[in-house]
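What follows is one structure encoded as structure tokens, with my remarks underneath.
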Amino acid sequence: MTAPSYRFLFRTPEFTPLFLSTAAHTAAQTAGGLALGTLVHRATGSPLLSALSMFGPSLAQVLGATLLLSAADRLPPRTALTGVSLSFAAATALLTLPGLPVGAVVAVVLLQGLTASLGGGVRWGLLTEILPKNRYLTGRSLFNIASGLTQITGYAVGGALLTTLPPRAVLLLAGLLYATAAAITRLGLTARPARASGRPSPAATWRTNAVLWSSRPRRLLYLGLWLPNGLIVGCEALFVPYDPEAAGLLFACAALGMLAGDVTVGRLLPPAVRTRLATPLLLLLAAPYLLFALRPALPLAALCAGLASVGFGASLVQQERLMARTPPELSGHALGLHSSGMLAAQGVSAVLAGSLAQLTSPATAMTALALASTGVTGALAVAVRRVPSPTPR
């Protein structure tokens, strides 16, 4: 039995504006990140600073997940999502200022990451309200597919624009896209109340995080969602220093592979097959990057990036397992913790990748991170085999 049709989702009230605003926000992040990474690399020639400028916002997700995540259920969703997009628009405009020191650039992108940690919890918690519970996986699959398409378009268009426009002009266009996302959210969503009562606080965030982390099966699922994925995004963070002129093509191929994986896992595979594919997909995510030890030319490098990213479809299987082991009243916080932890792991891996590339070369660093991802996947697969199946709720 395959997943329900995607057409049902667009007939559900409020799904379409949430979908469109998320797509606009993702397009802005894609084009803006490529422009900022290019700007910093041209100014400094540093793989570390280039990776940090593109993926640094993810580092702040750690702080957001430990301090702010309780706000995801305690703020009105429309207000929170509109504010997140507007704050990104303002920060992106600030990054276009001529002569902005690299240290200030890093500070701004870290603040963006702190804000994004709240946005993920609000967005995916709202999705669980908009859709029936048995359609969440289908809805999240479609969001992932749209993210892949948006990234393909964003990196391709962003790369093309950077051949004719200065990076700061592309950043301004990204800021306009963030403002567009805010407008769609404000005009398209209804004014729902907060999902939970009480004031947001670090203490409330810590308490719920402790409850979620107290279960060994959930701990293993979170580690599986964060680490193999994060290490491979560290490989992607080196696309600009690996081939500055063709980085947009490499990112677009990676996004195309992610799209193929999400369509296959979320829409085409029956549940009985899908549930067995988490570990094979995570191994696929890392294996092609081992070929970067040979410093492949652009065609083979692009093929490797695309094939590897099919493995990102594993996250849909893992999220399905996470929801099966999470009480319904904690689903929004649990998904926010997944999103923040994943992005934080990606940010740490990007810094690690940039540091290794600084000491060795981008190709060597990518190979090392792929080996680490393979090892982590194998260790988690052994640990998961010892975990009993969840009791049906």
Side-chain angles (χ1 to χ4, degrees), residues 55 58 137 140-141 144-145 147-148 151 216-238 253-293 303-325 334-335 337-350 352-353 365-387 389-390:
F55 294 91
S58 301
L137 181 66
R140 189 63 188 267
S141 166
N144 287 359
I145 291 167
S147 177
Q151 289 182 39
R216 184 171 182 268
R218 280 198 297 265
R219 285 199 302 274
L220 292 173
L221 281 168
Y222 276 126
L223 292 173
L225 281 161
W226 296 344
L227 298 181
N229 173 311
L231 289 164
I232 296 308
V233 170
C235 295
E236 295 182 356
L238 296 176
C253 289
L256 180 62
M258 185 175 69
L259 168 65
D262 285 330
V263 170
T264 302
V265 174
R267 185 70 184 92
L268 301 180
L269 295 179
V273 175
R274 184 173 65 226
T275 56
R276 297 195 295 267
L277 289 182
T279 297
L281 285 169
L282 289 175
L283 292 173
L284 175 62
L285 187 60
Y289 282 104
L290 297 176
L291 293 177
F292 276 78
L303 178 63
C304 288
L307 180 61
S309 292
V310 173
F312 282 119
S315 69
L316 290 174
V317 182
Q318 293 166 307
Q319 286 179 63
E320 190 173 36
R321 292 177 180 173
L322 179 63
M323 289 296 94
R325 295 184 179 274
L335 291 167
L337 184 59
H338 147 56
S339 178
S340 294
M342 178 187 69
L343 291 171
Q346 292 174 359
V348 171
S349 297
L352 175 61
M366 293 162 83
T367 305
L369 266 64
L371 284 170
S373 180
T374 302
V376 169
T377 295
L380 288 172
V382 172
V384 166
R385 288 196 193 102
R386 301 171 184 170
V387 175
S389 299

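Every heavy atom of this structure was used, including side-chain atoms; hydrogens, water molecules and symmetry mates were not. The residues of the chain are indexed from 1 along the displayed sequence.
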Are side-chain heavy atoms of Ser309 and Glu236 found at a separation under 4.5 Å? yes

Can you name the residues that form a ring pair (Phe, Tyr, Trp, His ring centres under 6.0 Å) with Phe292, not counting sequence neighbours? Tyr242, Tyr289

Can you confirm whether Met342 sits close enough to Ser315 that some side-chain heavy atom of one is under 4.5 Å from a side-chain heavy atom of the other? no

Qualifying residues under side-chain contact (heavy atoms from CB on, under 4.5 Å), relative to Leu231, sequence neighbours excluded: Ser349, Leu369, Ala372, Ser373, Val376

Residue set satisfying side-chain hydrogen bond (donor to acceptor under 3.5 Å, both in side chains) with Ser141, at least two apart, ordered chain then number -> Tyr6

Would you please name every residue forming a side-chain contact (heavy atoms from CB on, under 4.5 Å) with Val382, sequence neighbours left out? Arg385, Arg386

What residues, two or more places apart in sequence or in another chain, satisfy side-chain contact (heavy atoms from CB on, under 4.5 Å) together with Val310? Ala260, Leu284

So, using side-chain hydrogen bond (donor to acceptor under 3.5 Å, both in side chains) as the criterion, who are the partners of Arg218 when residues are at least two apart? none

Can you give me every donor-acceptor pair (side chain of residues 220-230, partner residue at least two apart or in another chain, under 3.5 Å) with its distance?
{"unit_1": "Tyr222", "atom_1": "OH", "unit_2": "Ala334", "atom_2": "O", "d": "3.0"}
{"unit_1": "Trp226", "atom_1": "NE1", "unit_2": "His338", "atom_2": "O", "d": "3.2"}
{"unit_1": "Asn229", "atom_1": "OD1", "unit_2": "Gln346", "atom_2": "NE2", "d": "2.7"}

Under the side-chain hydrogen bond (donor to acceptor under 3.5 Å, both in side chains) test, residues paired with Gln318 that sit two or more places apart: none

Could you tell me which residues satisfy side-chain hydrogen bond (donor to acceptor under 3.5 Å, both in side chains) with Thr264, sequence neighbours excluded, listed by chain and number? none

According to side-chain contact (heavy atoms from CB on, under 4.5 Å), who are the partners of Ser339, at least two apart in sequence or on a separate chain? Trp124, Leu343

Ignoring hydrogens and geometry, is there a side-chain-to-backbone donor-acceptor pair from Arg321 to Thr275 under 3.5 Å? yes

